[in-house]
Structures are given as structure tokens and as C-alpha cells.
Amino acid sequence: MRKWLTTSIAVYFLYGLVVYWYLFIFSGSGVPAPYEGTAADPATFMTGREQLLSQEYSTLKNFLYFVTVPFEWFLLFVFLLTGLSRKMQEWSQTTTKRSFFQSAIFFFWLSLFITLLSLPVEWIGYQISKTYHITTQSLHAWIKDQLIDFWVNYFLMALIVFVVLSLIRKFEKRWWLYAWLLSIPFSMFLMFVQPVVIDPLYNDFYPLKNKELETKILEIADRADIPAEHVYEVNMSEKTNALNAYVTGIGSNSRIVLWDTTLNKLEDEEILFIMAHEMGHYVMKHIYVGIAGYLLLSLFGLLFIHLLMEKLIQRFGPLLKINSMKELTMFPLFLLLLGVLTFASSPLTNTVSRYQEKSADMYAIEMTNDHEAAIHSFQELAKTGLSQVNPPSLVKIFRYSHPTMLERIHYLEEYGEQQFDEE
């Protein structure tokens, strides 16, 4: 056990050094020569200090992301390797005979273990955002959100743990298929209730106060044949200086939401472009395409996890203190494999998402026909969020669900030039 633990620590440390070298030393900053002096060049819309802060902040956040992702896998591995998982299983079984409460007790201690050991990393991320004036959230509010995150994730995952374990015990060879079938209505239910149950736990939502702006937005919605009655705003200025807008929910609970920071810092024409972008997602049914893609990936993912768990328990069961897949003690392994596969699939899901985002951008520019407002909105998004206009390739592949700001501004500039030539 000591050998495996030492090796895993050494591998994780080496990985951290490679990530540091790539982000801080190897990767260059700035934009390629053909884009210098264009609207995509941060030198044209940021001060020298803003460019420096953007580079520093983005690099630190990217480094923290890449070293944090495998850190949770490492903690789950330690939970197995040290026998903590088996001890928690034995303790939960002696506490109660009911399998649901055994699962709830086991997962509570596992969640608490991961949360407490990950808290310093979360704290560092909070402090970095605070230092660079991205986060405006007070310490009290930050702790409150951490507690909400813990309990929301705990109750959802405790239910999932119980259901998956019950399926494994009853259908050991086909549990993954039945788990996938159950995940379809469960995922749809979560998407339906999220805007009205989960999101309000974190922020206050209310109809857009600026009725003149709402009228303009609803006019665009009407032209797009979108049955929208309200646009919502959310009080994100209590937490951040960044800008955002998004579409959430499905069916009658679907909402178009604007952060109040966006309302405070952008002009109406720029907000209308952003709203048209979000409507583009609705018109092109991206949310349903996303659901279909998620379900397809989850089907193969669960099958792959099943096959991997069988092989790993057969080969390393004694080392990991796991006798069979039917035990609670195997769940850290399940979550570890789920995390690894989710991370490994992110280049594919991000590629699809970036395509959808570009499609929504082009839809929005056709609806508003104001490429200058569109470009300025992206420039302002980059400035306020201290976003890298041209991030390193691996950062884009693994982190960017949207095209880079350089790409977005560039193809909007091209669209504007094309319109000018046609006129």
C-alpha cells in the first residue's frame, strides 16, 4: 500500500510540474501576427495593465483547474487504498440494516472527506478571483454557497448511489443499461426543476426591470417565433463583476436569464445581440441536441465503467479493499472512473458546444445586423472577466465550451466586412 501511495503522490507532483511548465513557460501570450491591430487584438480595447492582469489571472485559474481535476481522483484512490472506504461501509452496516440509509451514511462520510480536503483548493480559487476583482462575494456568502453545494450534491448523489447499488445487486451484468434508462427521466426532471427549485437557492431571480429593454427583446423573440413572455435578471453583482447571460430549463420552465452585471455594463444594442444569441440556441434546439448527446455518451460511459470495474476489481480488488461490485466500498472507484471518463470526453463535448455557440453567434448577428455592437460586447466580456483572448491550445480543448474571443471577434469582423462589400 505504501508503495502505491508514494508512487501516486510522485505521479501527481510530476503532473503538476508539467502543467506549470506548459502554462507558465511554454505557452506564449498575445495574438498571432495576422490579428495584430484588429478588433480581436486586446491591445486595441484593453490597457497595458488590463492585458497583464488578464494573462496572470487566466494562467492562474487554468493552472488551478488542471491540478484540481486529478486531485479529487487522488483523494478517492486514497480512500480506497487506505481501507477508509471499507471501514465506512462496515460502520454504516452496523448503524442500520436498511440499505437506503446505509448508502446515505456511507456517501455522507465520503462527501465530507472529499469536501474538507478539497476546501483549501476552493479557498485558493476564491482568493485569486477576489484579488483580481472578479469575485465581489463576501466570505460569509461564499461559505453559504459552499454549504448549499455540499447539501444539494449530497442529496442528489446519495439517491444515485442507492439506485445504482440496488441495480448492481439485482442485475450485476446489465445494471449499466437499467441505470442509463432511469437517468433519462431523472435528467429531464432535474432540467425542468432547476430554474425554479435549485437556481433560486443561490440567487434571486425576477422579471427584467427595464421594461423598455424587455419590449425590444420580446420583439426579437416574436420575429424568431419564440413564445417568450418574460426575460429574467439575476442579482449576480453581489458575487462577481463578470458578465453573462444564458438559457436554462426545458418546457414551461425554460428561461432566458441576464446577469445584472451585464445590464449595468453593456448598452442596449449589445444586450440585444446577447439575447438574440441565446434565442439562437432555442431556435436551433441546441438544448435538446445537448440532451441527446449527453444520453448517448452516458450510455457508453456507464458500459465502459462496468467493464473497467470488473477488470480492476478482479485484478486489484485486494489492494483496493473491494471484494465485489455489489459492495458500497466500490463507490469511490465508480466515482473515480466517472470523473476520468468525463474529463477524457470533454474535448469532444467542448468541440460540439463551440460549434453550437458559433451558430448562435451567427444567428444573433443576422437577427440584429449590428456587428459593431456584437464585437464590443465580446470585448467587454473579455475585459470584465479578464479572459484570455487567445488561450493555449490545451486550455481551449479541455476548458472552452465557447469559441475563443479571438475567434468570435474575428468572424464577426469578417461578417461586417462582407456586409459592407455587399452594400
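Here Phe398 and Phe343 bring their ring centres to under 6.0 angstrom of each other. Under the 6.0 Å cut-off for aromatic ring centres, Tyr206 and Tyr232 do not qualify, their centroids lying 6.0 Å or more apart. For Phe106 and Phe331, the ring centers are positioned 6.0 Å apart or more. Aromatic rings from His410 and Tyr35 are positioned such that their centres are separated by under 6.0 Å.
In this structure the side chain of Leu147 never reaches within 4.5 angstrom of the side chain of Lys144, judged on heavy atoms. You'll find the side chain of Val193 reaches within 4.5 Å of the side chain of Phe189, heavy atoms only. By the 4.5 Å heavy-atom criterion applied to side chains, Phe378 and Pro403 are not counted as neighbours. Between Leu110 and Ser85, the closest side-chain pair of non-hydrogen atoms is not below 4.5 Å.
Of all heavy-atom pairs spanning Phe66 and Leu394, the tightest one is CZ-O, 3.9 Å. Closest approach of Ile217 to Met275, counting heavy atoms only: CD1-CG, 3.5 Å. Across all non-hydrogen atoms, the minimal contact from Leu295 to Trp180 is O-NE1, 2.7 Å.
Between Phe63 and Tyr20, the ring planes lie perpendicular to each other; the angle is over 60°, past the 30° to 60° tilted range. Classification of the His277-Phe273 ring pair by plane angle, with boundaries at 30° and 60°, yields tilted. Relative orientation of the Phe113 and Phe79 rings is tilted, given thresholds of 30° and 60° on the angle between their planes.
Considering NZ of Lys130 and CG of Leu139, their distance stands at 8.0 Å, rounded to 0.5 Å. Interatomic distance, Leu297 CG to Ser345 OG, rounded to the nearest 0.5 Å: 5.5 Å.
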